[in-house]
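The structure appears below as structure tokens.
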Amino acid sequence: MTDATALPGQPRGGALSGPATARAVNVLAPNASPMTLDGTNTWIVAEPDSELAVVIDPGPLDDGHLRHVVDTAGRAGRRVALTLLTHGHPDHAEGAARFAELTGTRVRALDPALRLGDEGLGAGDVVTVGGLELRVVPTPGHTADSLSFHLPADRAVLTGDTVLGRGTTVVAHPDGRLGDYLDSLRRLRSLTVDDGVRTVLPGHGPVLEDAQGAVEYYLAHRAHRLAQVETAVEDGYRTPAEVVAHVYADVDRSLWPAAELSVRAQLEYLEEHGLIR
């Protein structure tokens with residue numbers, strides 16, 4: 001058995017659904033898969049004494065799950081007052097419009113196509129609901145519209161798919177770009193160094209107790225993969241499929257299509273920086 005404290009980010013054991021910090025509760029969506037891990041984490045966030053809550057990433061269009069989120073907030077004596085999206089992938093955002101119907105809330109997102117209401121989200125925005133404060137942190141790279149939410153009161157950050165609770169994420173080329181993703185990881189690392197963030201509340205997988213360790217692992221992993229891809233090209237592996245088969249040979253083949261997206265992003269990055277032709 002592997003000691004969880006030795007794993008990157010120190011993933012928390014136990015059930016994924018339920019309270020994670022003083023202000024954040026997870027409701028796990030029933031959409032487990034190799035890409036979504038145990039399922040999408042739908043986060044209910046509120047001040048401990050507030051009757052108002054924010055929901056981040058309602059998840060897939062699954063009426064049972066969406067109603068369960070509403071009921072979970074209600075059992076705690078709270079009404080959902082606002083819905084936020086970390087990004088537009090269906091496992092996070094497809095249920096947002098239906099959830100807005102159930103709760104009567106606006107939906108705020110970076111991408112205007114995902115919004116319900118006049119307000120979007122952008123760098124430097126601070127969302128306040130019932131005394132709760134969430135700071136918007138742009139973290140593009142997984143997708144162009146990816147955001148994270150800094151929860152200062154809990155020294156936590158909700159990362160969507162930018163940092164997962166287990167494994168590493170996909171740079172979803174062509175929308176996702178590796179240079180942007182590396183900058184986003186550095187931005188998250190600065191939150192751990194300069195702003196005291198200790199906990200990652202991810203879009204999939206368990207809570208991570210060592211935010212700085214998780215981000216540094218991600219940065220090291222990306223540097224390692226990039227070096228592997230560069231070497232593979234130098235050795236004659238030219239197409240993304242050839243590079244995946246060579247570099248990701250130890251990865252489950254069911255994940256190779258996703259790995260190919262990341263490889264395409266890495267090849268683009270290497271070309272832009274003049275490291276391959």
Working for side chain to side chain donor-acceptor pair (under 3.5 Å), residues T159 and S148 = CA-CA 5 Å; T159 54; S148 295; 5.5 Å; no
Spacing of [atom1] belonging to [X] relative to [atom2] belonging to [Y], to within rounding of 0.5 Å:
X: L164; Y: L208; atom1: CG; atom2: CG; answer: 9.0 Å
X: H89; Y: D175; atom1: NE2; atom2: CG; answer: 6.5 Å
X: S184; Y: L178; atom1: OG; atom2: CG; answer: 10.5 Å
X: S146; Y: D111; atom1: OG; atom2: CG; answer: 11.0 Å
X: L270; Y: I276; atom1: CG; atom2: CD1; answer: 4.5 Å
X: H92; Y: L84; atom1: NE2; atom2: CG; answer: 14.0 Å

What do the steps show when you test E272 against R177 for salt bridge (charged side-chain N to carboxylate O under 4.0 Å, His left out), and what is the final call?
-> CA-CA 11 Å; E272 289 175 348; R177 293 174 58 85; 2.8 Å; yes
D118, CG: over 12 other non-hydrogen atoms inside 6.0 angstrom =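 For D118, atom CG is not crowded (no more than 12 foreign heavy atoms under 6.0 Å).
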Should we say atom CZ of R115 is surrounded by more than 12 heavy atoms from elsewhere, each under 6.0 Å from it?
-> yes
Do side-chain atoms of [X] reach the backbone of [Y] as a donor and acceptor pair under 3.5 angstrom?
X: N41; Y: P202; value: yes
X: T36; Y: N31; value: yes
X: S262; Y: A259; value: no
X: T105; Y: A81; value: no
X: T40; Y: G59; value: no
X: W256; Y: Y248; value: yes
X: H68; Y: G64; value: no
X: T231; Y: Q228; value: no
X: T199; Y: E209; value: no
X: R135; Y: H150; value: no

Testing the basics here: between [X] and [Y], what is the closest heavy-atom pair and its distance to 0.1 Å?
X: L66; Y: F99; result: O-CE1, 3.7 Å
X: P60; Y: A29; result: CD-CB, 3.8 Å
X: A211; Y: T192; result: CB-CG2, 3.7 Å
X: Y218; Y: G167; result: OH-O, 2.9 Å
X: E242; Y: G236; result: OE1-O, 4.3 Å
X: A20; Y: V207; result: CB-CG2, 3.8 Å

Just jot down the salt bridge (charged side-chain N to carboxylate O under 4.0 Å, His left out) partners of R79, sequence neighbours excluded, or say none.
->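 Salt bridge (charged side-chain N to carboxylate O under 4.0 Å, His left out) check on R79 returns nothing, list empty.
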Between [Y] and [X], is there a side-chain heavy-atom distance shorter than 4.5 Å?
X: L132; Y: S50; answer: no
X: V215; Y: L191; answer: no
X: L28; Y: T42; answer: no
X: I56; Y: L85; answer: no
X: Y237; Y: D235; answer: yes
X: T162; Y: T169; answer: no
X: P30; Y: D62; answer: yes
X: L82; Y: V55; answer: no

Please step through side-chain contact (heavy atoms from CB on, under 4.5 Å) for the pair V193 and R189, ending with a clear verdict.
-> CA-CA 6 Å; V193 174; R189 183 172 59 184; 4.3 Å; yes
Is [X] salt-bridged to [Y], going by a charged N under 4.0 Å from an acidic O?
X: R264; Y: E268; answer: no
X: R78; Y: E51; answer: no
X: R166; Y: D38; answer: yes
X: D63; Y: R67; answer: yes
X: R23; Y: E133; answer: no

When the aromatic ring centroids of H142 and H173 are compared, is their separation below 6.0 Å?
->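 H142 vs H173: aromatic centres not under 6.0 Å.
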In terms of hydrophobic clusters joined by side-chain contacts under 4.5 Å, are [X] and [Y] together?
X: V163; Y: V171; value: yes
X: V136; Y: V107; value: no
X: L182; Y: V137; value: yes
X: L121; Y: L158; value: yes
X: L188; Y: L201; value: no

Test side-chain contact (heavy atoms from CB on, under 4.5 Å) on Y181 and Y269 and set out the steps.
-> CA-CA 11 Å; Y181 186 64; Y269 180 90; over 6 Å; no
So Y217 and H221, would you call those rings parallel, tilted or perpendicular, with 30° and 60° as cut-offs?
-> parallel
V70 and T103: side-chain contact (heavy atoms from CB on, under 4.5 Å), yes or no, with the steps?
-> CA-CA 7 Å; V70 175; T103 59; 3.7 Å; yes
Using only heavy-atom distances, determine whether the side chains of S17 and N26 contain a donor-acceptor pair under 3.5 Å.
->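 Looking only at side-chain atoms, N26 and S17 do not form any donor-acceptor pair under 3.5 Å.
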Just by distance, with hydrogens left out, do D161 and H204 show a side-chain donor and acceptor under 3.5 Å apart?
-> yes
Candidate pair L61 and R98, rule side-chain contact (heavy atoms from CB on, under 4.5 Å), full reasoning = CA-CA 7 Å; L61 184 54; R98 174 58 177 153; 3.7 Å; yes
